[in-house]
Amino acid sequence: MRSALRRAVEGVRWYVRELTDESAYDRYVAHVRRDHPQADVPTRRAFERMRTDRQEADPRQGFRCC
């Protein structure tokens with residue numbers, strides 16, 4: 001019973017992180033470490049700044065209201 005509840009909670013947590021794209025930084029860090037091991041991994045703050053700048057520079061990314 002306990003493990004089923006734990007799996008359910010972990011599943012909901014995973015879903016919410018994917019839905020809100022909070023897991024994007026984790027995926028990026030894994031990519032950099034796997035494909036570019038010599039490169040420095042940016043901080044989460046620097047990553048979010050890069051991502052926001054890229055979205056705002058590309059009109060295909062959609063409307064950003066705030």
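A quick note: this is a predicted structure, and the numbers were derived from the prediction, not measured.
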Self-check item: With sequence neighbours excluded, residues passing side chain to side chain contact (heavy atoms under 4.5 Å, CB included) with Arg51
Solution: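 Testing Arg51 for side chain to side chain contact (heavy atoms under 4.5 Å, CB included), a comparison that skips the adjacent residues, returns Asp21, Ala24, Phe47, Glu48, Arg54, Gln55.
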So which residues get pulled into [X]'s cluster when ILVMFWY side chains under 4.5 Å apart are joined, directly or through others?
X     : result
Val16 : Val12
Val9  : Leu5
Leu19 : Trp14, Tyr15

Value for CD (Glu18) from CZ (Arg27), rounded to nearest 0.5 Å, stands at 5.0 Å
Donor-acceptor pairs under 3.5 Å, side chain of residues 36-46 to any protein atom, not counting sequence neighbours: which ones?
from: Thr43; atom 1: OG1; to: Ala46; atom 2: N; distance (Å): 3.1
from: Arg44; atom 1: NH2; to: Glu22; atom 2: O; distance (Å): 2.9

- Message: Going by salt bridge (charged side-chain N to carboxylate O under 4.0 Å, His left out), name the residues that satisfy it together with Arg6, two or more places apart in sequence or in a different chain.
- Response: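 Checked Arg6 against salt bridge (charged side-chain N to carboxylate O under 4.0 Å, His left out); matches are Glu10.
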* State whether the number of non-hydrogen atoms from other residues, nucleotides or ligands found under 6.0 Å of Arg13 atom CZ is greater than 12. => no
